[in-house]
Amino acid sequence: MQQQVKAIGLSVERVTAVDAQAMAPEEIASHVPAVDDPSKVVYPRELKPGEVACFLSHRKCWQRVG
């Protein structure tokens with residue numbers, strides 16, 4: 001991938017992913033809305049720690065772009 005990016009003259013920054021296994025359960029839970037909070041999005045099922053970490057990883061990228 002680095003060769004392809006270099007070949008077309010792009011500059012990229014690799015962003016380290018958020019590791020769900022390194023997160024405390026309380027930290028993961030803080031990113032999942034409570035079912036009894038009507039102001040938050042309610043998901044059809046409980047999010048898994050890896051899904052929360054994946055979202056947080058993408059959010060890190062969005063924050064660097066914006």
Side-chain angles (χ1 to χ4, degrees):
M1 201 58 168
Q2 290 175 339
Q3 288 177 335
Q4 293 176 353
V5 167
K6 187 177 178 180
I8 59 175
L10 290 179
S11 174
V12 296
E13 175 185 356
R14 189 178 192 299
V15 178
T16 303
V18 175
D19 183 359
Q21 294 181 358
M23 297 174 70
E26 300 80 21
E27 184 180 3
I28 293 169
S30 73
H31 295 286
V32 179
V35 175
D36 60 351
D37 185 350
S39 69
K40 304 288 182 178
V41 173
V42 179
Y43 298 97
R45 61 174 175 72
E46 186 174 335
L47 295 176
K48 296 176 184 176
E51 293 171 319
V52 174
C54 183
F55 165 76
L56 294 173
S57 297
H58 284 94
R59 187 174 74 178
K60 277 176 61 174
C61 294
W62 300 330
Q63 289 170 332
R64 290 184 187 218
V65 170

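Below, all heavy atoms of this structure are taken into account, side chains as well, without hydrogens, waters or symmetry copies.
Applying the side chain to side chain donor-acceptor pair (under 3.5 Å) test to every pair with at least one member in residues 50-66, sequence neighbours left out, gives these pairs: E13-R64, R45-E51.
Rounding to the nearest 0.5 Å places SG of C61 at 11.5 Å from CG of L56.
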Tell me which donor-acceptor pairs under 3.5 Å the side chains of residues 14-32 have, and how far apart each pair is, sequence neighbours excluded?
residue	atom	partner	partner atom	Å
D19	OD1	Q21	N	3.0
S30	OG	E27	O	2.6

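Checked against side chain to side chain contact (heavy atoms under 4.5 Å, CB included), L10 has the following partners two or more places apart in sequence or in another chain: V5, I8.
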